[in-house]
Amino acid sequence: MTTTLTKTRRPRNVTHDEGPRRSRPATRRRNWLGGLAGWLWLAVVAVPLYWTLITSFKARSRYYASNPLVPSTDPTLENYRLVIESDFLQYFLNSVVVTVGAVVPAVAVSFMAAYAIVRGWRMRVLRAMNGLFLMGLAIPLQATIIPVYLIIIKLHLYDSLPALILPSIAFAIPLSVLVLANFIRDVPKELFDSMRVDGANEWTTLWRLAAPLTRPAILTVSIFNALTIWNGFLLPLVLTQSPDRRTLPLALWTFQGQYGVNVPAVLAAVVLTTLPVLVLYAFGRRQLLSGLTAGFSR
Amino acid sequence: MSAVTGPAQRRRPRSALPWLAAPALVLFVGFAVVPLIGVFALSFTTWDGIGAIHATGLTSWRKVLTDPGLPHALWVTFLVMAVSWAVQTPLSILLGTFLAGRQRYRAVLGVVYFIPLMLSSAAIALAYKALLDPNFGLGAGLDIQALSKDWLGRPGLAFGVVIFVVSWQFIPFHSLIYQGGVQQIPQSLYEAAQLDGAGRVRQFFSITLPQLKYTIITSSTLMVVGSLTFFDLIFILTEGGPGDATRVLALDMYKRGFQASLMGPASVIAVILVLVGLGLALLLRRLGGRDAGASQLEGA
């Protein structure tokens with residue numbers, strides 16, 4: 001199944017043209033239907049976000065009385081103060097450590113593996129390895145959480161941040177290898193050959209030639225993995241228990257348990273945990289979106 | 001094949017390539033393949049999650065397979081999968097096609113469209129839980145009767161809410177995939193259709209949709225296998241309730257294993273999840289009509 005992700009059988013010269021796309025024929029009439037649907041969807045997406053944002057600034061007493069779609073006339077930061085004072089910084093740091101600690105090695109080992117698989121396709125052992133990684137895409141890896149829990153206990157890592165990092169790396173490998181291999185395949189063979197003639201070994205070729213040429217793909221895979229791991233909930237839920245090991249999504253959930261009746265405070269927590277990724281999104285939007293479109297629709 | 005590789009390998013007997021793949025292999029085997037085998041093994045045991053593990057043969061299997069909760073969980077899982085696919089796919093294709101256009105305002109809309117993609121399921125579930133509150137949520141606050149229902153308290157409604165929130169969260173991702181797919185369709189096809197006098201709707205059904213075939217399979221595969229892993233969203237939104245109305249397999253596994261301390265039966269559920277995932281993936285691949293090895297080789 002996994003190959004469904006890989007390639008469409010279209011002429012290559014068309015699919016890989018990254019140059020400016022030709023616009024649709026100018027004779028086209030305006031697409032009223034599409035436009036209407038587009039704006040409708042905008043409302044579906046934006047209203048809950050808008051409501052969450054403005055409610056998080058409402059005083060608790062106001063929340064029950066005011067029109068939910070009108071911002072408070074005297075916005076308060078009280079909810080945010082409450083959230084930040086409940087160890088928000090600690091959870092934030094935990095999330096950063098787990099995300100960076102998992103994404104960097106995950107992408108590095110996946111890249112090495114993808115390179116080996118593309119370059120050593122004639123070797124049976126590497127083809128088998130590729131098959132193994134692809135299988136990971138077909139299997140909901142969350143189903144393995146019970147043995148993962150057991151292994152983490154046996155390694156004496158339960159309730160630590162490495163307990164979250166190690167399985168996160170493993171779960172990130174299948175998709176990373178697949179996407180990176182797709183991009184490495186596009187590096188012209190002649191370049192590899194000329195590196196070999198120059199006496200470079202695989203390690204040098206990997207980092208000096210393949211990595212720079214596939215940098216956009218590496219970035220995309222990194223961002224995608226970072227999002228997945230940053231937002232992860234099941235692993236922290238199952239593999240940690242101490243409050244000071246919580247990552248943001250888990251902290252959010254426990255916070256709701258504590259302050260469930262204080263809805264504006266819960267929503268302030270939602271906004272605060274979301275803020276870091278939204279800031280990154282504001283800066284890396286183009287890279288992320290173009291990378292994702294290219295990475296998955298090939 | 002081996003006739004070709006044999007001599008080639010002899011000429012370069014010690015290729016460093018397998019070693020480059022080794023770290024990924026070790027990590028993947030250690031935390032994905034071994035657990036995969038482990039979950040199968042654990043399904044023949046009794047374990048409370050803390051104490052000793054006892055091999056008890058088919059006890060856990062018998063327990064789960066005779067439990068009327070299992071067909072229900074399977075049914076709910078299947079329903080979530082099918083309905084969310086049926087809702088998400090057409091909308092994602094339309095949005096993706098729409099976004100592939102070049103007008104500036106579409107790009108601006110796109111900025112907002114993809115925000116749900118960044119949010120954690122936990123954050124989304126909590127926001128929607130508050131938003132849908134029958135007494136203080138959006139509907140009640142606006143005094144709109146139709147919206148101030150006990151959304152999460154009634155089985156049918158709760159199921160609908162799960163589908164809606166899932167779609168809200170994942171349509172952006174899939175429309176992105178379709179956007180990429182549409183942009184790869186050669187313009188010449190549209191130009192030819194234009195000359196033949198085909199309208200927009202005709203072009204969509206005769207060119208865009210057929211050309212998106214493999215993109216649809218890609219997206220559907222991700223959707224279907226992904227739907228098996230919906231856990232955090234449903235866990236926070238409904239906890240599987242009301243009653244068992246939204247108790248999907250993944251949630252069932254967690255509740256049996258980590259809440260009721262029945263790791264044996266929970267492992268049985270996990271094995272079923274794996275089998276369902278593999279079965280669906282094979283089915284979808286067959287639909288795609290492509291052979292994994294061949295298509296991989298093609299690019300090598």
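Being a predicted model, the structure only gives us computed values, none of them experimental. So you know, we letter chains A, B, ... as the sequences are listed, proteins then strands, and number each from 1.
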**Asked** What's the spacing between A:T52 OG1 and B:L138 CG if we round to 0.5 Å?
**Response** 10.0 Å
**Message:** Looking at B:V111, is its backbone amide N or carbonyl O close enough to the side chain of A:Y281 to form a donor-acceptor pair, meaning the two atoms are under 3.5 Å apart?
**Reply:** yes
**Request:** Answer with side chain, backbone, both or neither: which region of B:L42 has an atom nearer than 4.5 Å to a non-hydrogen atom of chain A?
**Result:** side chain
**Request:** Report the distance from atom CH2 of A:W41 to atom CG of B:L99, rounding to the nearest 0.5 Å.
**Result:** 11.5 Å
**Prompt:** Closest approach of B:F28 and A:P174, non-hydrogen atoms and distance?
**Reply:** CE1-CG, 3.5 Å
**Asked** Hey, which of B:V33, B:I37, B:I171 has the most heavy atom pairs under 4.5 Å with chain A?
**Response** B:I171
**Prompt:** Is chain A contacted by the side chain of B:V271, its backbone, both, or neither, given a heavy-atom distance below 4.5 Å?
**Reply:** neither
**Item:** Least distance between heavy atoms, A:T274 atom then B:L119 atom
**Value:** CG2-CD2, 2.8 Å
**Among B:A123, B:G226, B:G38, residue most engaged with chain A (heavy-atom pairs, under 4.5 Å)** = B:A123
**Item:** Minimum heavy-atom distance between B:S15 and A:M123, given as atom pair plus value
**Value:** OG-CE, 3.3 Å
**Message:** For A:I173, which atoms come within 4.5 Å of any heavy atom of chain B: side chain, backbone, both, or neither?
**Reply:** side chain
**Prompt:** Taking atom CZ of B:F114 and atom CZ of A:R285, what is their separation to the nearest 0.5 Å?
**Reply:** 9.5 Å
**chain B contact via A:Q142 - which portion, at a heavy-atom distance below 4.5 Å** = both
**Asked** Shortest non-hydrogen contact from A:I151 to B:F31?
**Response** CG2-CE2, 4.1 Å
**Message:** Please report the interatomic distance CG(B:L17) to CH2(A:W203), rounded to the nearest 0.5 Å.
**Reply:** 12.5 Å
**Item:** Option in B:I115, B:L228, B:L94 with maximal non-hydrogen atom pairs under 4.5 Å from chain A
**Value:** B:I115
**Asked** Checking heavy atoms, do the side chain of B:I53, its backbone, both or neither come under 4.5 Å from chain A?
**Response** side chain
**Complete:** chain A shares the most heavy-atom pairs under 4.5 Å, among B:A127, B:G110, B:S220, with B:A127
**Item:** Region of A:L272 that comes under 4.5 Å of a non-hydrogen atom in chain B
**Value:** neither
**Contact origin within A:I153 toward chain B - heavy atom pairs under 4.5 Å** = side chain
**Prompt:** So do A:V45 and B:P116 actually touch side chain to side chain, heavy atoms under 4.5 Å?
**Reply:** yes
**Proximity of B:F235 and A:W253 rings by center, below 6.0 Å** = yes
**Asked** B:P35 and side chain to side chain contact (heavy atoms under 4.5 Å, CB included): which partner among A:V148, A:I146, A:L150?
**Response** A:V148
**Item:** Region of A:F111 in contact with chain B, defined by heavy-atom distances below 4.5 Å
**Value:** neither
**Prompt:** Side chain, backbone, both or neither: which part of B:A250 has a non-hydrogen atom closer than 4.5 Å to chain A?
**Reply:** neither
**Request:** List the steps, then state whether side-chain contact (heavy atoms from CB on, under 4.5 Å) holds for B:M253 with A:I145.
**Result:** CA-CA 10 Å; B:M253 174 189 78; A:I145 192 69; 3.5 Å; yes
**Request:** Answer yes or no: is there a side-chain heavy-atom contact under 4.5 Å between B:Y128 and A:P48?
**Result:** yes
**Request:** Could you grab the distance from atom OG of A:S110 to atom CG of B:L27, nearest 0.5 Å is fine?
**Result:** 9.0 Å
**Prompt:** Where on B:P18 is there a heavy atom nearer than 4.5 Å to chain A: the side chain, the backbone, both, or neither?
**Reply:** both
**Item:** A:L42 versus chain B, the contacting section by heavy-atom distance below 4.5 Å
**Value:** both
**Asked** Is the backbone N or O of B:G49 less than 3.5 Å from a side-chain atom of A:Y149, with the two atoms forming a donor-acceptor pair by type?
**Response** yes
**Request:** Describe, in one word, how the ring planes of A:W39 and B:Y105 are oriented to each other, choosing from parallel (under 30°), tilted (30 to 60°) and perpendicular (over 60°).
**Result:** parallel
**Complete:** Given B:L126, B:I272, B:V224, B:L273, the one with more heavy-atom pairs under 4.5 angstrom with chain A than any other is B:L126
**Request:** Say whether, by atom type as modelled, one donor and one acceptor occur between the side chain of A:N231 and the main chain of B:M118 under 3.5 angstrom.
**Result:** yes
**Request:** Report yes or no: does B:W168 contribute a side-chain atom to a donor-acceptor pair with the main-chain N or O of A:V44 at less than 3.5 Å?
**Result:** yes
**Best-contacting candidate, A:L126, A:L166, A:T273, A:L234, against chain B by heavy atom pairs under 4.5 angstrom** = A:L166
**Asked** Would you say B:Y254's side chain and A:V238's backbone share a donor-acceptor pair under 3.5 angstrom?
**Response** no
**Asked** OG/B:S120 to CG/A:L248 distance, rounded to the nearest 0.5 angstrom?
**Response** 8.5 Å
**Item:** Contact winner vs chain B - A:G232, A:A172, A:A143, A:G131, heavy-atom pairs under 4.5 Å
**Value:** A:A143
**Message:** Looking at B:F258, I want to see if its CZ is surrounded by more than 12 non-hydrogen atoms of other residues, nucleotides or ligands under 6.0 Å.
**Reply:** yes
**Nearest non-hydrogen partners of B:G277 and A:P140, listed with the distance** = CA-CD, 4.1 Å
**Request:** Start with the C-alpha distance between A:L137 and B:L222, add both sets of side-chain angles, then the distance that settles side-chain contact (heavy atoms from CB on, under 4.5 Å), and finish with yes or no.
**Result:** CA-CA 9 Å; A:L137 283 174; B:L222 290 174; 5.6 Å; no
**Message:** For A:A138 versus B:V225, what's the shortest heavy-atom pair and its separation?
**Reply:** O-CG1, 3.8 Å
